Structures are given as C-alpha cells and as structure tokens.
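Everything numeric in this text was worked out from a predicted model, so none of it was measured. So you know, we letter chains A, B, ... as the sequences are listed, proteins then strands, and number each from 1.
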Amino acid sequence: MFKFAKPTDLPDWKEERPDFNSDEVTSFIFNPHRSQSIENQRKRLPIFENRDQFLYLLETHQFLILIGETGSGKSTQVPQYLLESGWGCDGKTIVVTQPRRVAVLSLASRVADEMGTSLGQTVGYSIRFDEQISNKTRLKFVTDGVLLREMLTDPLLKKYCVIMVDEVHERSLNTDILLSLLKKIAKKRPELRLIISSATLDAEELKNYFTWKTKSANDENGSTEVQQYKKGEAAIMNVIGRCYPVDIFYVQDPVPDYVKASVDTVIKISIHEPPGDVLVFLTGHEEVETTVRLLKEYANTVAESSRKDKLQVLAMHGGLSNEDQLQVFQRPPSGRRKIIVATNIAEASITIPGIVYVIDCGFVKLKWFNADTQTDALVVVPISQASAQQRAGRAGRMRPGKAYRLFTEDYFYTLNRFTPPEVQRSNLSSAVLQLKALGVDDIIHFDFPSPPPAQHLAVALELLFALKAIDSSGRLTDPTGLRIAEFPVEPIMAKMLISSNDFKCSAEIASIVAAMQVQALFYYPTRGQDSIKARIARRKFEACEGDLITYLNVVTAFTKHGDCPRWCQSNYINKKALKRVLVLRSQLIKLLQRLGIPYSSAEGEIEPILRCIASSFFTNTAYLHPCGEYKTVLADVVLHVHPHSILYAEEKAPWVVFGEVLQTTQLFMRDITIVDPLWLEELAPHYFQKVTER
DNA sequence: GAGCACTGC
C-alpha cells in the first residue's frame, strides 16, 4: 500500500488558473456567466486589461509572442481586438490557426456569437471537408494543416495581414513547420504581423528564433509610417490566466503497479473526499479497460450496500464509438460519483466538465520514429513536467481541485520540462516533400524551431528518391513529385494513387487508400463472445491476398449495405470510420481527375490492383526467411504479422509488402499484401536488382 | 504466436 505525501505548494502550479468561459477548445462549453451581457463577459476576461498594450506591441513589432494560460481569453479576444482596431480593413484577412478541427469550429462560432454575426460573414472558418467563408470574411479560423496547404497556391500568404498561430506549446508537426515557413515569409513581407500564442513555453527561446534582425529598424525604406516599427523583432507579452488552485499530492514511495494504484486511489477518494468527479490518466486502451473492470467490480459491491460512495465508471479513449464517448459528458445518476478512466485524449483534445480530482499515472504512449529500422515505435515513456501540469489543471476548472500523482515529488523534478516536439520523433517523408513543394531545397539546413535528427531527414529523402518524387540532386520531380505533393496522404500512398493510372484501377486504389487513412474499419472487442463473433464477421470480407484487398471488399460492401443500421452492427464495422472513408475516397478521386488521371476500374480483376500495390510499396517488402520469420528486404529486420491482419492465422506467404511497421511488444507489420517477387523486380528495377540475388 | 497514444491535409 502506498501513501500520499502532504500537499506540496508548487509555485509553477498555483499560477495555473482555469477559464470561466470562452477559451474552451471543445464544443462543450461551461459558462457560469451566461446571464451577463457579452460585452460584460468580454471585459471580465484577464486579457482585457492587456488590450492596449497588445495593440501597441503589435503596432511596433513584427512578431508578438503571447504567453497566456488557459482561461485568459486570448484565442477569442485577440482576433476581435485586431478587427476593432482596424486590422483586416484593407481588404486583407486575419487568420488564426489551431491544431485541431473541433477547436476551429468552436472558436469560430463563439467569436461570431460575441460579434453578433453569423458564421461565414465577417467571421468564418475553413477545415478539411468543411468551410464557411465569404467575400465578407475578415477573420478566419483554420487548422494549421489548412494554412500549410494554402501556401501551395499562395506561397507568401498575401491575403493575410495578421497570422496568429495558437496552441504552439503543443508543438505539433504542422505547427512547427508552419512557424518556420512563416518566419521565412515574414522576411519577405515586412508588413505582415505574426502572433505566436502559447500556454507554457520557453518564451525567450521562441523570441530568439523569431528575432532575425538585430540592427535598428527603418534602415531600408525610411517611410515615416513605419518609423516606430521594428521589423524582424519579437515582443513577449504575458497574460495571466484564471483558474482555481489545485493541490498536488505525490506518493511517498514509488508504486510498483500504477493500474492497481489508480484503482486504490479512486476508492480512497470515493470514501474520504467530498463529491466531485474523478479523471484517471493511463497510457492505453487495455489499461483503461482493466481499470474500468476492476472499478466496476468494486462499484457493484458498493451499490448493493446503502453506502454513499457509489460510483459510475466510464472509459474514454480514441477507439470508442461516438455514443460511448458522449457518455462521459453526461451527468451521472444522482447519488453517484462519476469516474472517467482515460488515455491522453483527455489531456488536450477533449475537456470533460465537472472534474475535481485527477489521478496521473505519470506515463504516456508516444509514437517514436526509429531511423535505424525505419519504423515507428509506440512506446510508453514518462510524461514531461508540462504534461503533468496540464493533466493536473484538468481538476481546477470548476472549483478548487486535487491532483494525485502516482510518482514521488523527487521523481517529478527529474522529468523533462517539455515533451520532445513531434518534428523530432516523426517520420518526416511527408513534411520534407511538402517543404520541397514550397521551394525549400536545402532541407538539411532548413531553419526548424527544433531541428530533427539529421538521420530522420536522410531517411525521408531516401524514400522520396525511391518513389521518384525527387531526383538525385534532391529536387522535386516534374510531374511525379509535384503530383505526389498535391495529395493529402503519405507520399507512398499518393504514389500508389498516381500509379493506378498505369494499371487502370484508380477506383479500387482510391478505396484502398481511403480505407488506410482511418484508424480501424472493424471493432475489435477484447473479451467474451463478442470477440469471437467479430472474428467470424470479419471472415466475410476476407481476401486471401491480404488486408488491402479485404479493405476493398469492406468498402464495396459498405456502399451497398452501409445505410442499414443493423448491417454495420452485426458485422462489427465501424460506421463512423467507413463514412469518413467514403468522403476521403471522393476527395481523392476528384484530385486524381484534376491531375488528369481518369477514373478506371479493374472490373473484378485482382492482379492489376496487386501489381499497383507492389509498384508503390516496394520499399516496404518483407520475405520469409528460412528461420520461419519475416525479414525486411531493406535491413534484414525481423518482423511479425500484426494480430489484426487478416493474414495473421494463415500460412506465411514467401513475399509480402506492408503499409507500416509499428513496434509495440514486437515489430508488427500492418496492412499486409501478398506479392509475387517477380513483380517487384519488374516494377521497381531501380530498387530490386539486388534483392533477388539473396 | 497475441494486440493501436493523439492529431491533421
């Protein structure tokens, strides 16, 4: 049994204040001041006191770094201050980027509300597959991915006068790439203003990144209008947030098993602490299910008694259906305390109201690119201090809260301050291609905010060269490279779409590529009768050639039966995912047609489709070694068939290609297709001569 | 033989 130490008063912690209304990133907004006029609410926000300072700094500096904690109101108010003071009146637009679609939607509608207009008028938004924009729009909310795409047609983003990049502390891949490109643009467009907005971040580091001009300003064009203006210089502005204090508790001794410790802590809270919901952070879906099961067993024993500590236990992770996810937002039955056991989805992506207690296991599952094996690994690593702070903050949004950390205080101070940015732990082939398409030739010396390991860049360049997207001097090829860059999918998938023209099967390949973009077409129940039934249901779609042809069968069947509600259910098909597949598919087909690749179908023939797959996935080939294991052709790394693959229980074919490799307990190949090695030699001779010499 | 954190174009 473990004990929690006395609450520790962390200085960096007490400053965290939750928001009262408008800076919420999900559509579930709790607003205790609903009765007040909008004008009054806006004035109550902490950032209101900084309004004039903000406008002055933006007048005099090209870059403004805005450090504002949750609840400062920066995401909703700053864009309005800009409009009110005349930015966006010269026919140009203000744009605000967010890492997530849901944040774009809720911010845009909140700001339109506050301004008394409807969406698509002065205030609009643009996300993939959805947009509300008109020629009246002066303020636009977008995902950072959308803004990156816009740069392909408008490299200097000339239609914008102010660009605000929000949630920079999350350091998503797109945010980092956007920042570096915006820095370049700003040099060419001195009148452009950039606002970099972040919760916690090393502001000085960011300031140094953005300050490229050390000399005094106005030495180039001495126009009086810009005399006060320091182009290329960055100012930092801090905005206080607002939030209730959260007491932090640490365990006195390290816990051997954080799943068990989580369960014990929930039980302790339920017995000893006043009412208030509990949020538990664990690393994966399996841990979540185990914890939920243990807590439900406990809850059942309690429910039969007349005690007060009755619980409603709910799981929250990305694999759940929409309906199951929505449950965590509903009020628990009266007299019950709601316990939500979640993965990292609850750290930033969704906000659950009513949380007073947080339990933090101290770990997170992260995708990590391994350049040696050229594969992704999904590894459980200790969280950063910033993450721990973010998780604890989830307890102080309604009233003072408590956070229980399942690690010691000493250990906390050994953690990294920040999680390494995504750009440093990702496969960069897509990002590199995108940069090339935007005219960045020298990737190795490109000015990233946090440079990725050189080997990651080298691996990306090698793959692009193998796909003939770039030539031996590293330049984007015309038309192959240019075309691949146009597609909103991984380069290898884009290459397959383009090649489908040669094999006259673009219809089928579009279905396959679309299906590979979504998480899971099937539900995989983990226990009981359901898991067996699901397995039997999957067999209906099984193709002996492998997973990709199976996906094609699923997509084809869904277009026929998908509208029947029982059909998806009885076949354990993820309806949400399949609907998205069809939307993606039609986007891909439209893009193909725009590039002059006509719609064509193999009319039931399988071989052209298989050849097309082989012609693009040849870099991902594995052969059956006499030892009985698969090995990569590239580096002789041992690979295993993922248990979700349709080929898992089958006799092993001598040659396969795979969509990706993910390392969990072992290196697992996913999205596997059986191929004929002669095709590989024929279709990718530049790559495969040496292979058959084995 | 045994298993997928979370986003985004």
Report task. Rounded to the nearest 0.5 Å, what's the gap from OG on S198(A) to NZ on K74(A)? Could you check? Result -> 7.0 Å
Query raised in the report: NA contact type, T665(A), heavy-atom cut-off 4.0 Å: base, sugar-phosphate, or nothing?
Result: sugar-phosphate
Query raised in the report: Where each residue is assigned the nucleotide of DNA chain B containing its nearest heavy atom, which of H317(A) and Q587(A) is assigned the position nearer the 5′ end?
Result: H317(A)
Query raised in the report: In Å, rounded to the nearest 0.5 Å, how long is the span from CG of L467(A) to OG1 of T480(A)?
Result: 10.0 Å
Requested in this report: Would you classify T143(A) as touching base, sugar-phosphate or nothing, given that sugar-phosphate means primed atoms plus P, OP1 and OP2, and contacts are heavy atoms under 4.0 Å?
Outcome: sugar-phosphate
Query raised in the report: Which part of the nucleic acid, if any, lies within reach of A520(A) when heavy atoms closer than 4.0 Å are counted: base, sugar-phosphate only, or nothing?
Result: nothing
Query raised in the report: Base, sugar-phosphate, or nothing: which does V146(A) touch, judged by heavy atoms less than 4.0 Å apart?
Result: sugar-phosphate
Query raised in the report: Is a salt bridge present between E150(A) and K140(A), judged by a nitrogen-to-oxygen distance below 4.0 Å?
Result: yes
Report task. Pick base, sugar-phosphate or nothing for F487(A), based on heavy-atom distances below 4.0 Å to the nucleic acid. Result -> nothing
Query raised in the report: Between E486(A) and R594(A), does at least one N-O distance fall below 4.0 Å, as a salt bridge requires?
Result: yes
Query raised in the report: Looking only at heavy atoms, which two atoms of R397(A) and T351(A) are closest? And how far apart?
Result: NE-CG2, 3.5 Å
Query raised in the report: When all nucleic acid strands are considered with a 4.0 Å heavy-atom cut-off, which category describes H640(A): base, sugar-phosphate, or nothing?
Result: nothing
Report task. State which residues pass salt bridge (Lys or Arg N to Asp or Glu O under 4.0 Å) with R670(A); sequence neighbours excluded, sorted by chain then number. Result -> E660(A)
Requested in this report: Report which part of the nucleic acid I345(A) touches: base, sugar-phosphate, or nothing (heavy-atom distance under 4.0 Å, all strands).
Outcome: sugar-phosphate
Query raised in the report: Contact class for L148(A) (heavy atom, under 4.0 Å): base, sugar-phosphate, or nothing?
Result: nothing
Query raised in the report: On DNA chain B, which is the earliest and which the latest nucleotide, 5' to 3', with an atom closer than 4.0 Å to a heavy atom of chain A?
Result: dG1(B) to dC9(B)
Requested in this report: Could you check whether H644(A) gets within reach of a base, just the sugar-phosphate, or nothing at all, counting any heavy atom under 4.0 Å?
Outcome: base
